[in-house]
Amino acid sequence: MIEREIADFDLEQIARSGQCFRFRELGEKRYSVVAGGKYIEVCQEGRLVRFDCSEETFESVWRGYFDLDADYGRYKRAVAKRDQYLQRAVAAGCGLRILRQELWETIVCFIISQQNNIGRITKCVENLCSLFGEICYNRSGQVYNAFPTVERLAACTLEEFAPIRLGYRARYILSAARQVVSGEVDLEAVRHMDYAHARTELMRLSGVGRKVAECICLFALHHIDAFPIDTHIRQVLDAHYPKGFPLKRYRGFAGVMQQYAFYYELVTN
DNA sequence: TACCAGGTAGTGA
DNA sequence: TCACTACATGGT
């Protein structure tokens, strides 16, 4: 068990922020997470966060995943004092972090996210993992499913996807998986591209448009200047930033501000 | 019943 | 480039 005092960290906010669909609530401020094939249980009391894993695994996997080396206080201090909307949003989501998720998982999850709600996205991802993910065991010997590999999904048929209830998104996922396996889109190369090139390359994937590509850049590649505009953020921009969001002010980390706004809309609507 | 949910792709002008 | 529309599914 690893214990750390962490500032600007709220497990519940992170779990509910809609950037990852593999958090499960186990109890009050206690969650399990499956990411990159690894399972962990995390709980929080005040600033004290407990990670149920070895020191080595914490350092090699979870410190990076939860972005613990970043100073979110710096991002929050950058918010303009007169920007009352963003001040409220930051106050509401003061413990948010931009996770560093596995690329293929994030691509599939955000293809599923289109025209969908978080509850149903979570169910679809759960179904997908149950059906096609490798069976693994956690430290207690309990079974969990890893996220299906790109090879496994590329080998599926549309009929096999039917029980997952993906709707029209099934075709996108199947095509995208085959584009990656065939080498048409090189995800290893995408990992090393800058934000603009990564976004362009990701948009070559079936079912990945501008918004989904921005989400993948933000939540998997940690290009935190990515700024996905979905229906909620569109409404925020229309209501509070009619002249456009001040991207220049937040150059280099506008995506963090996007996440505060997105979470704020989530918990207040 | 109608509308909505972290949109995308195809079509025609 | 822009406007418009079909695309699955489930919840409210």
Side-chain angles (χ1 to χ4, degrees), chain A residues 13-23 85-86 89 92-93 96-128 130-131 153 156-180 184-185 198-241 245 254-269:
Chain A
Q13 289 176 5
I14 295 166
R16 293 180 176 179
S17 66
Q19 54 180 309
C20 174
F21 305 97
R22 299 216 69 193
F23 277 74
Y85 174 79
L86 206 47
L96 287 171
R97 297 259 156 179
I98 305 294
L99 301 174
R100 293 172 187 262
Q101 301 181 70
E102 201 282 324
L103 180 55
W104 173 241
E105 296 183 21
T106 311
I107 290 169
V108 175
C109 288
F110 280 89
I111 287 176
I112 293 173
S113 78
Q114 60 187 266
Q115 287 293 98
N116 216 336
N117 59 65
I118 290 178
R120 218 170 77 79
I121 298 165
T122 305
K123 278 182 190 164
C124 288
V125 172
E126 216 166 69
N127 291 340
L128 192 67
S130 301
L131 265 180
L153 293 186
C156 286
T157 61
L158 272 180
E159 288 71 30
E160 287 178 280
F161 277 143
I164 305 171
R165 316 299 288 166
L166 290 166
Y168 63 87
R169 307 167 195 85
R171 290 179 188 278
Y172 291 156
I173 292 171
L174 189 56
S175 300
R178 291 176 178 172
Q179 282 177 286
V180 173
E184 183 186 335
V185 175
R199 184 180 62 195
T200 302
E201 192 63 12
L202 286 166
M203 285 175 67
R204 294 179 56 220
L205 288 168
S206 169
V208 177
R210 171 85 181 218
K211 186 267 170 181
V212 168
E214 299 266 9
C215 285
I216 298 164
C217 284
L218 183 57
F219 301 131
L221 301 173
H222 210 71
H223 293 305
I224 60 171
D225 39 350
F227 193 87
I229 298 177
D230 58 37
T231 51
H232 300 297
I233 296 299
R234 183 77 267 161
Q235 287 173 12
V236 169
L237 297 181
D238 291 345
H240 302 283
Y241 303 94
F245 190 79
V256 181
M257 299 301 150
Q258 190 274 3
Q259 192 59 17
Y260 288 129
F262 180 80
Y263 178 78
Y264 187 52
E265 293 303 304
L266 213 57
V267 296
T268 55
N269 291 315

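Within every chain, numbering begins at 1; the chains are lettered A, B, ... in the order of the sequence lines, protein sequences first and strands thereafter.
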CZ (A:Arg171) with more than 12 external heavy atoms under 6.0 Å: no

Strand DNA chain B as a dot-bracket string - pairs counted if Watson-Crick or G-U with both distances under 3.5 Å, | where the partner lies in another strand: .||||.|||||||

Short side-chain to backbone donor-acceptor contact, A:Gln179 and A:Val185, under 3.5 Å: no

Contact check, side chains of A:Ile233 and A:Phe245, non-hydrogen atoms, under 4.5 Å: no

Residues which pass salt bridge (charged side-chain N to carboxylate O under 4.0 Å, His left out) with A:Glu184, listed by chain and number, not counting sequence neighbours: none

A:Phe161 and A:Leu128, any side-chain heavy atoms less than 4.5 Å apart: yes

Gap separating the CG atom of A:Leu202 from the OG1 atom of A:Thr106, nearest 0.5 angstrom: 10.0 Å

Under 3.5 Å, which donor-acceptor pairs link side chains of residues 261-269 of chain A to any protein atom two or more places apart or in another chain?
{"residue": "A:Tyr264", "atom": "OH", "partner": "A:Arg88", "partner atom": "NE", "Å": "3.1"}
{"residue": "A:Glu265", "atom": "OE1", "partner": "A:Asn269", "partner atom": "ND2", "Å": "2.9"}
{"residue": "A:Glu265", "atom": "OE2", "partner": "A:Tyr85", "partner atom": "OH", "Å": "2.6"}
{"residue": "A:Thr268", "atom": "OG1", "partner": "A:Tyr264", "partner atom": "O", "Å": "2.5"}
{"residue": "A:Asn269", "atom": "ND2", "partner": "A:Glu265", "partner atom": "O", "Å": "3.1"}

A:Leu128 CG - C:dT9 P separation (whole Å): 15 Å

A:Gln19 side chain to A:Arg97 backbone, donor-acceptor under 3.5 Å: yes

Minimum side-chain heavy-atom gap A:Gln13-A:Ser17 below 4.5 Å: no

Interface residues of residues 255-269 of chain A with DNA chain B (non-hydrogen, below 4.0 angstrom): A:Gln258, A:Gln259, A:Phe262

Residue list, ring pair (Phe, Tyr, Trp, His ring centres under 6.0 Å) with A:Phe110, at least two apart or on another chain: A:Phe21, A:Phe219

Same-atom distance (P) from B:dA2 to C:dA6, integer angstrom: 15 Å

Covered region of DNA chain B, 5' end to 3' end, by chain A [heavy atoms, under 4.0 Å]: B:dA5 to B:dA9

Within residues 199-217 of chain A, residues whose heavy atoms come under 4.0 Å of DNA chain C: none

Sugar-phosphate, base or nothing in reach of A:Ser17, heavy atoms under 4.0 Å: base

Listed partners of A:Arg199 passing salt bridge (charged side-chain N to carboxylate O under 4.0 Å, His left out), at least two apart: A:Glu214

salt_bridge(A:Glu201, A:Arg204) N-O dist < 4.0 Å: yes

Any donor-acceptor pair under 3.5 Å from A:Arg169 side chain to A:Leu166 backbone: yes

Listed partners of A:Arg234 passing salt bridge (charged side-chain N to carboxylate O under 4.0 Å, His left out), at least two apart: A:Asp238

Heavy-atom side-chain contact between A:Ile224 and A:Leu218 under 4.5 Å: yes

P-based separation of B:dG6 from C:dC7 [nearest Å]: 22 Å

Distance, P atom - from B:dC4 to C:dT5, rounded to whole angstrom: 15 Å

A:Arg22: salt bridge (charged side-chain N to carboxylate O under 4.0 Å, His left out) partners, not counting sequence neighbours: none

Protein-nucleotide distance (A:Leu158, atom CG; C:dC7, atom P), rounded to Å: 15 Å

Any residue of residues 100-112 of chain A with a heavy atom less than 4.0 Å from an atom of DNA chain B: A:Phe110

Separation between the C1' atoms of B:dA5 and C:dA8, rounded to whole Å: 12 Å

Separation of C:dT5 C1' from A:Gln115 CD (nearest whole Å): 12 Å

A:Lys123 NZ to C:dT9 C1', straight-line distance once rounded to whole Å: 11 Å

Sugar-phosphate, base or nothing in reach of A:Ile118, heavy atoms under 4.0 Å: sugar-phosphate

Nucleic acid contacts - residues 163-173 of chain A versus DNA chain C, non-hydrogen atoms under 4.0 Å: A:Arg165, A:Gly167, A:Tyr168, A:Arg169

Sidechain-backbone polar pair: A:Gln259 side chain, A:Leu96 backbone, donor-acceptor under 3.5 Å: no

Minimum side-chain heavy-atom gap A:Tyr168-A:Gln114 below 4.5 Å: yes

Beyond-backbone contact of A:Ile111 with A:Leu205, side-chain heavy atoms, under 4.5 angstrom: no

